[in-house]
**Q** 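To start, I am sharing the structure in question, which I have written as structure tokens.
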Amino acid sequence: MKENSKSDFERLFRSSYSRLVFYARGFMGDEAEAEDIVEDVFVDLWRRKDSVDFGEGIEGYLFRAVYTRCINALKARNVGQGRLTLLSQINERRMDTIKADSADPSISMENADLRRELESAIESLPEKCRIVFRMSYINDMHNDDIARVLDLSVRTVEHHIYLALRALRKKCRGIVRCLLFAFLLS
């Protein structure tokens, strides 16, 4: 540790903290988040105090570090919001389906028949294809995760999914025609 680095750090903290929080709040729109970001930047700086020169360029470095952390926090927030929105939409659709099923018994029976047909089509797939398809579409796993779990290459997983979808399209073509016919008659 350099002899004056602790006092330099304290002086830098006192002189820059409030300006950095104000700067970060402009991005984040929230005082607490801005303070967390600035504090993280100072903690990171303190960890590297032995290799940092507390000279003229240090304030520029701090503003750049705060800027980068704010952008990363905003990206993470947007990804989280996108996922929440998507999950909300999925749940709304599920609830609409449940309401429609319970409102009309004939729809409920048709849906049960369709589920049985689809399940039968899935069961008729070759074993590895069926397992990969279920992991991907029913368990909502990513291809990388499926490959890791089954000790396959990602390319092999993609090929199994392709084969499964092609086979299901052929087997379910009649089901789709029946649905369209029933829809046109109603």
**Q** If hydrophobic residues (ILVMFWY) are linked whenever their side-chain heavy atoms come closer than 4.5 Å, directly or via other members, who joins Tyr162 in its cluster?
**A**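 Reading the cluster by chain and number, Tyr162 sits alongside Leu163.
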**Q** Just by distance, do the side chain of Arg19 and the backbone of Ser15 share a donor-acceptor pair under 3.5 Å?
**A**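 Answer holds: yes.
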**Q** What are the two closest heavy atoms between Ile37 and Val66, and how far apart are they?
**A**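 Closest approach of Ile37 to Val66, heavy atoms only: CG2-O, 4.1 Å.
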**Q** Measure from the side-chain N and O atoms of Ser124 to the backbone N and O of Ala121, and report whether any donor-acceptor pair falls under 3.5 Å.
**A**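 Yes; at least one donor-acceptor contact below 3.5 Å.
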**Q** Under the rule for salt bridge (charged side-chain N to carboxylate O under 4.0 Å, His left out), what residues qualify as partners of Glu35, not counting sequence neighbours?
**A**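 Glu35 satisfies salt bridge (charged side-chain N to carboxylate O under 4.0 Å, His left out) with no residue once adjacent residues are dropped.
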**Q** Tabulate below the donor-acceptor pairs under 3.5 Å that side-chain atoms of residues 144-154 make, not counting sequence neighbours, or state none.
**A**
unit_1, atom_1, unit_2, atom_2, d
Asp145, OD1, Arg148, NH1, 3.2
Asp145, OD1, Arg148, NH2, 3.3
Ser153, OG, Thr156, N, 3.0
Ser153, OG, Thr156, OG1, 2.7

**Q** Going by ring pair (Phe, Tyr, Trp, His ring centres under 6.0 Å), name the residues that satisfy it together with Tyr61, two or more places apart in sequence or in a different chain.
**A**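 Testing Tyr61 for ring pair (Phe, Tyr, Trp, His ring centres under 6.0 Å), a comparison that skips the adjacent residues, returns none.
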**Q** For a quick test of reading the model, state the closest non-hydrogen atom pair linking Arg69 to Asp40 and the distance between them.
**A** NH1-CB, 3.3 Å
**Q** So, taking the atom named CZ in Arg155 and the one named CD in Glu158, what distance separates them when rounded to the nearest 0.5 Å?
**A**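 Rounded to the nearest 0.5 Å, the CZ-CD separation comes out at 5.5 Å.
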**Q** Could you pull out the closest heavy-atom pair between Leu12 and Phe42, with the gap in Å?
**A** O-CZ, 4.2 Å
**Q** Show me, pair by pair, the donor-acceptor contacts under 3.5 angstrom made by side chains of residues 125-132, not counting sequence neighbours?
**A**
unit_1, atom_1, unit_2, atom_2, d
Arg130, NH1, Glu123, O, 3.2
Arg130, NH1, Leu125, O, 3.0

**Q** Rounded to the nearest 0.5 Å, how far apart are OH of Tyr23 and OH of Tyr67?
**A** 7.0 Å
**Q** Nearest 0.5 Å, what's the CG-OH distance between Leu62 and Tyr17?
**A** 13.0 Å
**Q** Looking at every non-hydrogen atom in both residues, tell me the closest pair between Glu59 and Ser16 and how far apart they are.
**A**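 In terms of heavy atoms, the two residues are closest at OE2-OG, 3.6 Å.
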**Q** Once rounded to the nearest 0.5 Å, what's the spacing between atom NE2 of His160 and atom CG of Leu165?
**A** 13.0 Å
**Q** If the condition is ring pair (Phe, Tyr, Trp, His ring centres under 6.0 Å), which residues does Phe22 pass it with, not counting sequence neighbours?
**A** none
